[in-house]
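Only one structure is covered here, and it is reproduced in the block below.
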Amino acid sequence: MDMPRLQIKSTDAQLGIHTTQPQQTIRQPKAEMSIRQPKATVRIQSEPASLQIDQTRAWESMGLFSVRRAIEKSADRGQQSALAFIGDIASAGDELMKIERGGDPLNRQAAEKHFMPQYEFNIGWIPEPFSVSIRARRGELSIDVTSHSPQINVEPQKPIHLYEPGSVRTYLKKAPTLSISVVR
């Protein structure tokens, strides 16, 4: 006897997946920045140095005088010479007044006046040592610097973040089948 048989045929279901990738962009704008450096304040005070050189004594020791000093010196010498001459004449007159005491004053006075006096002279163009006077005063310099801090202003910018989420979509690509038949 033939028995009927059941024949079952099935096909699997096929699923489809469709994905969209997420999109993301991040941008960071530059910060707004300004820097300002004020100039330093510099104050300089100076007092100049001075140097005074006085050569008057050196020139005078060599016989070179200023006009004023030469006039003063000549006037002093002239006055002293005049007083000395007056004194000589007065003493010669006193001596002649007392001629009766003897001693032949006329011959002696004539002999004194006859001979020229001897003068000493040394090298005249070399000044005496340490005759130049030097006075120096040190100068002063004061520098005062005041620095100023830089002025820095920074405005940070927020990042720009754009995001599109991705998606996953599933669908039935092929439906499952099932067939049952009776075969004899």
Side-chain angles (χ1 to χ4, degrees), residues 1-76 121-184:
M1 164 160 158
D2 237 343
M3 284 225 13
R5 293 182 293 158
L6 282 178
Q7 184 178 16
I8 301 174
K9 282 186 183 180
S10 68
T11 58
D12 292 334
Q14 287 185 351
L15 294 177
I17 299 176
H18 180 68
T19 60
T20 304
Q21 293 294 323
Q23 297 292 322
Q24 173 174 286
T25 58
I26 300 174
R27 280 186 332 156
Q28 176 65 56
K30 293 181 179 177
E32 297 291 325
M33 185 182 314
S34 66
I35 299 175
R36 195 169 81 73
Q37 175 65 59
K39 293 180 181 177
T41 305
V42 179
R43 192 168 46 99
I44 300 173
Q45 290 181 333
S46 65
E47 189 174 316
S50 69
L51 175 65
Q52 295 176 341
I53 300 173
D54 185 8
Q55 299 177 352
T56 307
R57 276 184 42 217
W59 290 114
E60 287 178 359
S61 70
M62 294 187 297
L64 302 171
F65 301 100
S66 67
V67 173
R68 183 175 182 197
R69 183 73 179 123
I71 291 170
E72 287 175 1
K73 197 164 174 111
S74 295
D76 286 345
F121 181 75
N122 201 351
I123 297 174
W125 59 86
I126 297 178
E128 63 184 56
F130 306 108
S131 60
V132 176
S133 170
I134 299 174
R135 285 191 305 271
R137 188 175 53 83
R138 178 181 291 177
E140 292 186 19
L141 178 65
S142 169
I143 301 174
D144 183 28
V145 178
T146 304
S147 62
H148 301 290
S149 299
Q151 297 172 353
I152 302 172
N153 294 323
V154 178
E155 287 185 35
Q157 302 293 324
K158 292 183 178 181
I160 299 171
H161 182 232
L162 299 174
Y163 178 72
E164 289 182 26
S167 64
V168 177
R169 185 174 58 88
T170 61
Y171 59 92
L172 188 59
K173 194 174 187 181
K174 187 176 175 188
T177 58
L178 181 66
S179 67
I180 301 174
S181 59
V182 177
V183 177
R184 293 201 178 177

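Everything numeric in this text was worked out from a predicted model, so none of it was measured. In what follows, residues are counted from 1 in the order of the sequence shown.
- The environment of Leu51 atom CG is dense: over 12 non-hydrogen atoms of other residues, nucleotides or ligands sit within 6.0 angstrom.
- When the shell of 6.0 Å around CZ of Phe130 is examined, it contains 12 or fewer heavy atoms from other residues, nucleotides or ligands.
- In this structure, CD on Gln37 lies 8.5 Å from CD on Gln151, to the nearest 0.5 angstrom.
- Ser142 places no side-chain N or O within donor-acceptor distance of the main-chain N or O of Gln45, the cut-off being under 3.5 Å.
- Sparse packing is recorded around CG of Asp12, with 12 or fewer heavy atoms of other residues, nucleotides or ligands lying under 6.0 Å away.
- The heavy-atom pair separating Ala175 from Thr11 by the smallest distance is O-OG1, 4.2 Å.
- Heavy-atom minimum distance, Pro159 versus Gln28: CB-OE1, 3.3 Å.
- Taking CD1 of Ile8 as the start and CD1 of Ile180 as the end, the distance is 5.0 Å to the nearest 0.5 Å.
- Remark: Arg169 CZ to His18 NE2 distance equals 5.5 Å, nearest 0.5 Å.
- In this structure, the separation between CD on Gln7 and OG on Ser181 is 4.0 Å, given to the nearest 0.5 Å.
- At least one side-chain heavy atom of Arg135 sits under 4.5 Å from a side-chain heavy atom of Ser133.
- Contact annotation: the side chain of Glu164 never approaches that of Leu162 to less than 4.5 Å [non-hydrogen atoms, C-beta and beyond].
- Electrostatic pairing of Arg69 and Glu72 counts as a salt bridge here, judged by a charged N lying under 4.0 Å from a carboxylate O.
- Pro22 and Tyr163 make their closest contact through CB-OH, 3.9 Å (heavy atoms, listed as atom of the first residue, atom of the second, distance).
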Just do the side-chain contact (heavy atoms from CB on, under 4.5 Å) check on Ile160 and Ile26 with the steps written out, would you? CA-CA 6 Å; Ile160 299 171; Ile26 300 174; over 6 Å; no
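- Of all the heavy atoms in Ser149 and Pro38, the pair that sits closest is O-CD, 3.6 Å.
- Side chains of Thr41 and His148: a donor on one and an acceptor on the other come within 3.5 Å.
- Looking at Ser61, its side chain does come within 3.5 Å of a backbone N or O of Ala58 through a donor-acceptor pair.
- The distance from atom CD1 of Ile134 to atom CD1 of Ile53, rounded to the nearest 0.5 Å, is 5.5 Å.
- Counting only heavy atoms from C-beta outward, the side chains of Gln157 and Arg27 never approach each other to under 4.5 Å.
- Heavy-atom minimum distance, Ala31 versus Pro156: CB-CA, 3.9 Å.
- Note that CZ of Arg43 is 11.5 Å distant from CD1 of Ile143, once rounded to the nearest 0.5 Å.
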